[in-house]
**Q** 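Right, I'll just put the structure down here and ask away after.
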Amino acid sequence: MPCVRRRPLQSHAHRRSLARGIVPKRRRSAASQQWRPRMDLVSAATEVRARAYAPYSRFQVGAALLGASGAVHVGCNVENAAYPEGTCAEAGAIAAMIAAGETRIAAVAVIADSPRPVPPCGGCRQKLAEFADPDTPVTLATMAGARLETTVGALLPGAFRPDDMPDT
Ligand code: THU
């Protein structure tokens with residue numbers, strides 16, 4: 001009989017998990033794949049928030065942007081002894097996105113240890129509007145687990161946009 005080399009039905013990791021009594025997660029449905037990137041975005045924002053440099057306000061903020069390419073770009077607030085020189089988390093994430101060669105935002109998450117889901121400041125709303133569509137989803141979060149789902153357009157209705165300068 002010819003020796004037919006078959007792929008094992010279960011991978012080594014899968015078999016090891018089963019042996020340990022861990023039941024691997026099933027493949028996600030199409031519907032749950034839609035929320036997954038946005039949950040991951042909050043996780044990415046939470047992770048980068050821990051690296052915020054905020055010795056003056058002691059208010060650490062993390063932001064994560066899902067780029068149109070699928071890449072995630074993160075930023076945290078970076079304060080300065082000359083207070084107005086500090087930069088917001090959203091601005092840092094936008095700078096990282098531009099430095100990575102990407103210019104369109106598909107989704108946004110911002111997190112802070114705030115009593116309500118952290119509202120981006122006015123300047124950051126304008127900065128986000130530059131690279132996103134009005135219906136681009138934004139998740140605002142608290143470290144305690146509260147979430148507010150909104151959009152870039154709802155955060156800054158009537159934003160001044162690049163197409164308001166048709167001759168430039
Ligand atoms: N901050 C952000 O990073 N994003 C916002 O949208 C709100 C405020 C930062 C700026 C400053 O370092 C600290 O939070 C307190 O204002």
Side-chain angles (χ1 to χ4, degrees), residues 28 30-168:
R28 286 172 216 282
S32 66
Q33 266 167 6
Q34 285 182 329
W35 60 254
R36 199 183 131 78
R38 288 173 69 185
M39 292 306 288
D40 287 350
L41 222 49
V42 173
S43 303
T46 305
E47 200 178 306
V48 69
R49 176 187 169 275
R51 298 194 287 276
Y53 177 76
Y56 307 107
S57 72
R58 305 213 168 273
F59 188 71
Q60 294 182 296
V61 186
L65 308 175
L66 178 66
S69 71
V72 173
H73 309 282
V74 296
C76 53
N77 52 331
V78 181
E79 298 184 346
N80 193 283
Y83 288 8
E85 298 306 323
T87 50
C88 285
E90 297 90 327
I94 290 170
M97 178 187 76
I98 296 297
E102 183 145 36
T103 55
R104 294 308 294 170
I105 299 171
V108 181
V110 190
I111 191 162
D113 194 12
S114 41
R116 60 172 172 159
V118 59
C121 76
C124 286
R125 293 173 193 226
Q126 182 70 41
K127 289 183 178 81
L128 291 169
E130 179 78 12
F131 305 104
D133 296 324
D135 62 357
T136 297
V138 179
T139 304
L140 304 176
T142 70
M143 292 299 287
R147 301 284 182 267
L148 176 70
E149 301 292 345
T150 183
T151 63
V152 169
L155 286 174
L156 191 61
F160 180 67
R161 305 182 62 85
D163 38 324
D164 287 311
M165 297 183 291
D167 298 335
T168 56

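Atoms within a ligand are numbered from 1 in the order they appear, just like the ligands themselves. The figures that follow rest on heavy atoms only: side chains count, while hydrogens, waters and symmetry mates do not. For reference, positions follow the sequence shown, starting with 1. These numbers were taken from a predicted model, which means no experiment stands behind them.
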**Q** Taking non-hydrogen atoms only, is S57 closer than 4.0 angstrom to ligand 1 via side chain, backbone, both or neither?
**A** side chain

**Q** Hey, does L128 have a side-chain heavy atom less than 4.5 Å from the side chain of I94?
**A** yes

**Q** Just to confirm my output: which protein heavy-atom neighbour is closest to atom 3 (O) of ligand 1, and how far is it?
**A** A89 N, 2.9 Å

**Q** Is there a polar contact, in the sense of an N or O pair closer than 3.5 Å, between V61 and ligand 1?
**A** no

**Q** For atom 6 (O) of ligand 1, grab the closest protein heavy atom and report residue, atom and distance to one decimal in Å.
**A** E90 OE2, 2.7 Å

**Q** Return a yes/no value: protein heavy atom under 4.0 Å from atom 14 (O) of ligand 1?
**A** yes

**Q** For the 3.5 Å polar cut-off, considering only N or O atoms, please tell me whether C88 and ligand 1 meet it.
**A** no

**Q** Can you report which non-hydrogen protein atom sits closest to atom 9 (C) of ligand 1, along with the distance?
**A** N77 ND2, 3.5 Å

**Q** Spell out, as yes or no, whether a donor-acceptor pair under 3.5 Å connects the side chain of D113 to the backbone of M143.
**A** no

**Q** Can any side-chain N or O of D133 pair as donor or acceptor with the backbone N or O of D135 at less than 3.5 Å?
**A** no

**Q** Can you measure from CD1 (I111) to OG1 (T142) and round to the nearest 0.5 angstrom?
**A** 6.5 Å

**Q** Is it true that a side-chain atom of E102 and a backbone atom of S69 form a donor plus acceptor pair closer than 3.5 Å?
**A** yes

**Q** Taking C-beta and beyond as the side chain, do V118 and F59 meet within less than 4.5 Å on heavy atoms?
**A** yes

**Q** Considering heavy atoms of the protein only, find what lies nearest to atom 16 (O) of ligand 1 and give residue, atom and distance to 0.1 Å.
**A** F59 CD2, 4.8 Å

**Q** Considering heavy atoms of the protein only, find what lies nearest to atom 7 (C) of ligand 1 and give residue, atom and distance to 0.1 Å.
**A** C121 N, 4.1 Å

**Q** Return the residue, atom name and 0.1 Å-rounded distance of the protein heavy atom closest to atom 12 (O) of ligand 1.
**A** E79 OE2, 2.5 Å

**Q** Any side-chain heavy atom of R147 sitting closer than 4.5 Å to one from P117?
**A** no

